[in-house]
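Worksheet: the structure to be examined is printed underneath.
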Amino acid sequence: NFLEALGEQGAIALEKALRHDEQMLQGFRETIEGLVLALEAKDPITHGHSRQVALLAGRVAHAMGLDEKERENIRHAALLHDIGKIGLGDRILTRLGKLSSGEMAVVRQHPVIGAEILKPLSFLAEVVPLVLYHHELVDGSGYPEGRKGDQIPLGSRIIAACDAFQTMIAGRPNIPRQSLAQA
């Protein structure tokens, strides 16, 4: 009877802990969604872009056979990849595609700004480098550090490809939309 009572108490405690963990995960998901909504409120031209990139990146990661934890990190990073644009001026955001070299230098800081915004959120620690390096290019001509090839995290490379693809098919005010076949 004593062991049975202990087992029941242990099961109850475990169930409460699992429920608490699920509530914490839900809180993290809601925090991520809130950050994305903050970005989209600042830049209505690209409304829905981050969600589309996250959907594409998740599908690519799945097709590549990455494990669930990696896929989740890639999806979260894709949702948050442009969060650093919150730190850019409105005038620059409305002119993307037609920027001076000085304005482009400012835009190139958005991955760094995004990583700085996310760093204090310990539950997003694995997402920060994916956001920071999502504009690096395999040939080393990207930014912010000019990393090459495998120096760029796989998740960042996936996000970069999905970001470019989604931008091509959606278009922007100063960037013409392309057909699916062209993209």
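Values reported hereafter were calculated over all heavy atoms of this structure, with side chains retained and with hydrogens, waters and symmetry mates removed.
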Member of E70, R71, M64 meeting the side-chain contact (heavy atoms from CB on, under 4.5 Å) criterion with I158
M64
Residue pair L88 / V106, side-chain heavy-atom distance below 4.5 Å:
yes
L124 side chain reached by L80 side chain, heavy atoms, under 4.5 Å:
yes
Between V131 and V112, is there shared hydrophobic-cluster membership here, with clusters defined by ILVMFWY side-chain heavy atoms closer than 4.5 Å?
no
Which atoms form the tightest heavy-atom contact between C162 and V60, and what is the distance?
SG-CG2, 3.9 Å
Smallest heavy-atom separation, V128 atom then A115 atom, equals CG1-CB, 3.8 Å
Any chance CG of D150 has more than 12 other-residue heavy atoms, nucleotides or ligands included, within less than 6.0 Å?
no
Donor-acceptor check, side chain of H110 to backbone of V107, threshold 3.5 angstrom: yes or no?
yes
Closest heavy-atom pair and its distance - I159, A57:
CG1-CB, 4.5 Å
Any side-chain heavy-atom pair of K148 and D139 under 4.5 Å
no
Any chance you could measure E145, atom CD, to L132, atom CG, to the nearest 0.5 Å?
6.0 Å
Interatomic distance, R75 atom CZ to E68 atom CD [nearest 0.5 angstrom]:
5.0 Å
Looking at CD of Q52 and CG of L79, how far apart are the two atoms once the value is rounded to the nearest 0.5 Å?
10.5 Å
Can you check whether I152's main-chain N or O pairs, donor with acceptor, with E136's side chain at less than 3.5 Å?
no
H81 (side chain) donor-acceptor with A78 (main chain) under 3.5 angstrom:
yes
Nearest heavy-atom pair of A61 and I74: which atoms, and what distance?
CB-CD1, 4.0 Å
Heavy-atom distance under 4.5 Å between the side chains of H134 and D82, does that happen here?
yes
Could you go through L154 and L66, starting from their C-alpha distance and side-chain angles, then the distance that decides it, and tell me whether this counts as side chain to side chain contact (heavy atoms under 4.5 Å, CB included)?
CA-CA 10 Å; L154 176 61; L66 301 180; 4.0 Å; yes
When rounded to the nearest 0.5 angstrom, what is the spacing between CG in L180 and CE in M168?
10.5 Å
With rounding to the nearest 0.5 angstrom, report the CE to CD distance, M104 to Q109.
11.0 Å
Minimum heavy-atom separation for P153 and Y133, please, with both atom names.
CD-CD1, 3.8 Å
Just wondering, do F123 and H76 contact through their side chains at under 4.5 Å, heavy atoms?
no
Distance from R157 atom CZ to L130 atom CG, nearest 0.5 Å?
11.0 Å
Kindly indicate, with the supporting measurements, whether the criterion side chain to side chain contact (heavy atoms under 4.5 Å, CB included) is fulfilled by Q166 and L55.
CA-CA 10 Å; Q166 199 286 325; L55 179 67; over 6 Å; no
